[in-house]
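Scroll down for the structure; my scribbles are underneath it.
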Amino acid sequence: MPTDALSQRLFVSGGTLLSQETGLSELDGTNPAISGGFMLDLNSVARLRGGLTYQELTSADVGVEFHVLGSDSPVSPYIYAGYGRFIFGEETERALFPLGLGLDYAIGRDVSLKAEVAGRWAWTEEISGGTVQPELVASFMPTLGVVYRLNRIDREVPARGVRDDRDALAEASAAECGPFGYCPSDDELAVSDLEFDIPYTKQELVASGSPLTLPRTVEVARFYGEFGDPGRLPYDREVDPDEDIFEFDDHSDMVRLPSGTFLMGPTDPRSDLDQDPGRLRISMSGFFMDQNMVTNADYQRFLDDLTGEELQSNELNLPDAEAERYFEREPDSPVLHVTWDQADAYCEWRGHSLPTEAQWEYAARGGVLGAAYPWPGLSAERRGQPLANFNSSNPDPVGSYEPNRWGLFDMAGNAYEWTADAWTRDYGRHAERNPRHTNPREDQRAIRGGSWRSGEFEIGVGVRERAPRDIPLERVRDETSIGGDEISFRCAATLSQIDIDAFEEEEVEAPPEADAPDVGTDEENDIDLEFPEP
C-alpha cells in the first residue's frame, strides 16, 4: 500500500570546503563541494541521511538530522552528526566525522531549501619509515541546496497487496465522494478500502502512525487501541442524508447522529490551552444536531413569537444604530451578540436544548478518528484554500464551506458555539456516558469551534474555550479574550424530543390508484335481463 509513514527525500547541495593547510591531506586549501543523497524520516524529529560529497576527494557519509521543531515544520532548524569514509582518495585519507547546523525552509508542499554550515574532520595517516603519522584535518563547509520529498513509497501490508497506480486511486477516490460533498484524498482512500482478515494487536495499531478516517466502504476499521476491539466501528451506523436529515416548520434542518464512542479532548494537547491535559473515552447515545448554526433569520422568527418581558430579555445586546438593521443585513449569517441564556431560551422555544460539550465534539469529529479538525489531516487548508472561516475580518453565511462527513456545517471556525456545560479545566468530573457538567457556582460556559477571528490552531475539534454566560458586547481582555460578536450556537435534541413517526408519516404517500374505465353509476348500470320462458 502507498504510504507516507516512512517518507523518502532526495537532496542536492553545493558550496565551498575550506580546509587547514597540511602536508598529509589532499583537502588543504579551498575546494568546491557538491553533495547529494537521500533522507528517510525515522519519526517526527529524526531523519536518517546518507549521500556522497565531492570536495577534491569523494567521500560517503551517513548520519542523523535532529529537527527541533519537527521534520515537517515549514521552518525547521536541525543538527546533523554522522560518520563517513573517503572512497576514492589516497591511502592516507581515512575516516570522516561531519557535524553541522542547518535550516530547512519549505517553499512548496514537497520542496524545501536547505542551508547548512558543517564542520568536517578528516582522519589522515602517513606511514614514513615504519612510523604511522596520524593527523586530524579540520574543514569548514557552508552549502546551499534543495530537498525534494517523495510523497509515497510502496510497501506491502497484509491486505490487497501493493498498489502503486495513482491514477487508479484518483478514479476510485472520485467514485467515493460522499453525499455531503466530501471526497477522500488518495491517501485516505488507500486506507479506506482495505479489508483486513487477520487479527491486529493494539500495539501494532497504535504504532501504525497517522490519524485514520473511516469512509463508507470500510467494513472493519483500524483505530487506536484506546477503543478496545480494533475491529469495531466507533459508531453503530453511517449517516444517510436521505433518511437522517429532518426539516422542521421553523426552517431548521437537523441531522440524526448514531450512537458511538470517541476520545474527548485535543489530539495534540498544547501548553497554551486553558485546560488540563488528558483525553477521556466517552460513549454517546444517538441524538439530533442542527445542520447549521442558528442564523439571523432563525432568531428573528423566535423574537417575532415572543411578547412582553420574554421579548425584552431575549433581544440582542446591540448598539441602537445597528439594532434596527441587524437581522435584515445578513439573514443567513450566524446570529451573534447572543448570551448563553438567550441561546438556551431559543433552543427551549423549539423544544430542544443546547448540545453538551460531548455531543458537540462527537458531532464535530463526524466519525474521523484522531484528527485535529472535522476533516482528515492536520491542516486547515487544502491545495492552498481554507477549509473553514478563520483569520478573517468577518463571519460568513452558514454553510459556506464543505460539511463534515456527517453533513454538519461550520463545526470549525466562523463562530464559537455555546454548549450546555459549565466550564471546567478537565474532564475528571465527566461521566463516561452522555456526560454533562453542571456547576451552579460557575458562571463561565464552555464554547467550542473557534471563530472568524481565530487562528488555525484554535479551530480544532478538541480545543476548548470559555466565556461568561452574559458575554460582553465586544471583544475584551479580561478573563476571556472572546467577545459577543464571535459567539453563536446551534441546538441539539435527544431521540425522545423528536417525533420520528410524524416525519415518516408525512413522507409516506398512498400509491396512485390505477385509472379504471368509466362504468357509470349503479343506477346507470342497472340492466334488466330478459330470459326466454321455458
Side-chain angles (χ1 to χ4, degrees), residues 241 244-257 287-355 359-360 363 389 394-401 403 407-411 414-420 445 447-449 451-452 469-471 473 484-494 496-500 502-503 505-507:
D244 292 319
I245 296 182
F246 298 83
E247 183 177 352
F248 293 82
D249 293 338
D250 60 0
H251 304 282
S252 62
D253 289 352
M254 300 193 86
V255 181
R256 178 170 53 182
L257 304 182
F287 62 98
F288 288 79
M289 177 75 87
D290 278 354
Q291 194 171 23
N292 288 293
M293 282 184 272
V294 174
T295 65
N296 289 324
D298 296 332
Y299 200 81
Q300 179 66 71
R301 283 188 286 270
F302 164 60
L303 295 179
D304 291 343
D305 194 53
L306 303 180
T307 57
E309 294 183 1
E310 285 185 341
L311 176 60
Q312 185 176 0
S313 62
N314 284 284
E315 287 181 332
L316 300 185
N317 183 19
L318 295 168
D320 294 338
E322 188 176 358
E324 296 180 1
R325 55 188 178 87
Y326 177 75
F327 293 108
E328 291 145 6
R329 188 178 64 238
E330 298 290 346
D332 295 326
S333 292
V335 63
L336 304 173
H337 308 286
V338 56
T339 67
W340 184 90
D341 294 288
Q342 291 170 335
D344 185 59
Y346 174 91
C347 291
E348 184 178 355
W349 170 73
R350 278 178 41 183
H352 304 151
S353 58
L354 287 172
Q359 285 178 328
W360 191 95
N389 183 18
N394 53 265
D396 289 330
V398 300
S400 296
Y401 297 84
L408 302 169
F409 292 90
D410 298 317
M411 300 304 288
N414 213 20
Y416 282 102
E417 299 183 32
W418 289 113
T419 71
R445 292 294 183 266
I447 56 177
R448 291 299 202 104
S451 79
W452 50 277
R469 58 191 296 172
D470 188 13
I471 187 73
L473 174 63
D485 57 347
E486 294 181 74
I487 303 179
S488 186
F489 68 99
R490 73 182 73 209
C491 301
T494 62
S496 61
Q497 291 176 307
I498 305 296
D499 186 4
I500 300 298
F503 285 94
E505 289 174 2
E506 290 178 3
E507 294 175 357

Holding to salt bridge (charged side-chain N to carboxylate O under 4.0 Å, His left out), I want the full list of residues that pass it with [X], two or more places apart in sequence or in another chain.
{"X": "Asp341", "value": "Arg469"}
{"X": "Asp244", "value": "Arg237, Arg256"}
{"X": "Arg445", "value": "none"}

Could you list the residues that satisfy side chain to side chain donor-acceptor pair (under 3.5 Å) with [X], not counting sequence neighbours?
{"X": "Asn414", "result": "Asn389"}
{"X": "Gln300", "result": "Asp304"}
{"X": "Thr295", "result": "Asp298"}
{"X": "Glu417", "result": "Trp360, Arg490"}

field: Pairwise salt bridge (Lys or Arg N to Asp or Glu O under 4.0 Å) hits with a residue in residues 306-315, at least two apart
entry: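 Passing the test, one end in residues 306-315: no pairs.
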**Message:** Holding to side-chain contact (heavy atoms from CB on, under 4.5 Å), I want the full list of residues that pass it with Pro397, two or more places apart in sequence or in another chain.
**Reply:**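 side-chain contact (heavy atoms from CB on, under 4.5 Å) list for Pro397, sorted by chain: Asp332, Ser333, Ser400.
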What pairs with Thr494 under side-chain contact (heavy atoms from CB on, under 4.5 Å), at least two apart in sequence or on another chain?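 Listed in chain order: Ser496, Gln497.
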Does Phe302 have any ring pair (Phe, Tyr, Trp, His ring centres under 6.0 Å) partners at least two apart in sequence or in another chain, and if so, which?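 Only Tyr299, Tyr346, Trp349 meet the ring pair (Phe, Tyr, Trp, His ring centres under 6.0 Å) criterion with Phe302.
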* Asked: Can we call the ring centroids of Tyr401 and Phe409 under 6.0 Å apart?
  ->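 No, too far apart.
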CE/Met254 to CG/Leu408 distance, rounded to the nearest 0.5 angstrom?
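That separation rounds to 10.0 Å.
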- Message: For a 4.5 angstrom cut-off between non-hydrogen side-chain atoms, does Leu354 reach Thr419?
- Response: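 Result no, sub-4.5 Å side-chain heavy-atom pair not found.
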